[in-house]
Amino acid sequence: MPELPEVETVKRQISPAVKGRTILSIESKDSRNIKKISFEKFKQLVSGDKILNIERRAKYLLFKLKSGRYMVVHLGMAGRVLLKPDKYVKIIFNLSGRKKLYFSDTRLFGKIWLYDKYPELKLGPEPLEKSFTLKKFKELIKSRKGNIKIILMDQKFIAGIGNIYAAEALFLAGIHPKRRIESLTDSEISKLYQGIQKALKSGIMHKGTSVTDFVGAIGEEGKNQNYLYVYGRKGKPCKKCEGSVDKITLGQRGTYFCPKCQHML
DNA sequence: GAAGAATCCTGAACGC
DNA sequence: TGCGTTCAGGATTCTT
Ligand SMILES: [Zn+2]
């Protein structure tokens, strides 16, 4: 599913093709992904506007428009932003220069909103920003109580980490996913800080993890699934020890880990 | 504030 | 081949 690295990949892939282009018209096969306003209203407001820039914040894509409005896209689980259509296209943006941008979604968990100005999204810090220091991470950790994996996936705690990268970051840090955040030692917090960044950077470097639905802007699969340590590898040998990867359910989510590498205490 | 569960939604994978 | 069942889960919302 799309998390920070996948959304970043899409942003990088579509930006050169759509930046500076005018949205001439918009077509819809199913407009249920458009939230807050009707498709008619959306079409009326966005048509004729120009895409100045695309920014990623957490798992959101923010299209900055010349009017000052922002079109905000969240891919949910299976949402796609494409330069080439697939069979699940819901919205088509006809752009100047004969380009087209497609929004596709199978499960309709993806969302599109239109904001009058830069949206105030309730999100924690970006884990790959330089301002996200180990010191700040430690302060954040100390401010919360509860299960570490669930908190890592809380967008108000840190932005952009979902089920795949939470599992990978915890593996890299040697922390069992059932651990409580209060129980982490200073050394483990440092390892987790490194693990988060390493897992996310690996995802971006390999252009996303295509383990379920994710594909890039022209429908191509990412490569990061080949570099995962635990996610989706139940019963397979651990890449760091002689044990094998286990799977449990935690917070209604499938949670993969190595019982030998990831410690409870 | 935290924990747990329900909700949305439908294609893919699986079992017979 | 086809039908029914199970599974995938990000974010929100509700209850405890
Ligand atoms: Zn291991």
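Order of the sequence lines fixes the chain letters, A, B, ..., with proteins taken first and strands second; residue numbering starts at 1 for each chain. Keep in mind that the numbers below use all heavy atoms, side chains included, and drop hydrogens, waters and symmetry copies.
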Going by atom type alone, with no hydrogens or angles, which donor-acceptor pairs under 3.5 Å involve a side-chain atom of residues 127-140 of chain A and a protein atom two or more places apart or on another chain?
| unit_1 | atom_1 | unit_2 | atom_2 | d |
| --- | --- | --- | --- | --- |
| A:T133 | OG1 | A:K136 | N | 3.2 |
| A:K135 | NZ | A:E139 | OE2 | 3.4 |

What pairs of donor and acceptor atoms, side-chain ones from residues 251-259 of chain A against any protein atom, are under 3.5 angstrom apart with sequence neighbours left out?
| unit_1 | atom_1 | unit_2 | atom_2 | d |
| --- | --- | --- | --- | --- |
| A:T255 | OG1 | A:K149 | NZ | 2.8 |
| A:T255 | OG1 | A:R253 | O | 3.1 |

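With sequence neighbours left out, A:R56 forms a side-chain contact (heavy atoms from CB on, under 4.5 Å) with A:L4, A:V7, A:E8, A:K11, A:E126. Partners of A:K191 by side chain to side chain donor-acceptor pair (under 3.5 Å), not counting sequence neighbours: none found. A:K43 is linked by a side-chain contact (heavy atoms from CB on, under 4.5 Å) to A:I26, A:F39, A:E40, A:S47, counting only residues two or more places apart in sequence or in another chain. With sequence neighbours left out, the side chain to side chain donor-acceptor pair (under 3.5 Å) criterion links A:Y118 to A:E55.
A nucleotide of DNA chain B counts as in contact with chain A when one of its atoms lies under 4.0 Å from a heavy atom; the first and last such, 5' to 3', are B:dA2 to B:dA12.
By the 5.5 Å and 30° criteria, A:F109 is not stacked with the base of C:dA11.
The shortest distance between the side-chain N/O atoms of A:H74 and the OP1/OP2 oxygens of C:dA11 is below 4.0 Å. The phosphate of C:dG10 (OP1 or OP2) has no side-chain N or O of A:Q155 nearer than 4.0 angstrom. Distances shorter than 4.0 Å separate none of the side-chain N or O atoms of A:K111 from OP1 or OP2 on C:dG10.
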Considering only nitrogen or oxygen atoms on both sides, find all protein atoms under 3.5 Å from nucleotides 2-7 of chain C and state each distance.
none

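A side chain to side chain donor-acceptor pair (under 3.5 Å) check over residues 58-77 of chain A, counting only residues at least two apart or in different chains, returns the pairs A:D49-A:S67. For the side chain to side chain donor-acceptor pair (under 3.5 Å) condition, the pairs that include at least one residue of residues 89-102 of chain A, sequence neighbours left out, are A:S25-A:N94, A:E27-A:N94, A:N94-A:K100. Among residues at least two apart or in separate chains, salt bridge (Lys or Arg N to Asp or Glu O under 4.0 Å) pairs with a member in residues 166-180 of chain A are A:R179-A:E188, A:R180-A:E182.
Note that the two end axes of the helix from B:dA2-C:dT16 to B:dC16-C:dG2 enclose an angle of 50°, each drawn from 5 base pairs, rounded to 10 degrees.
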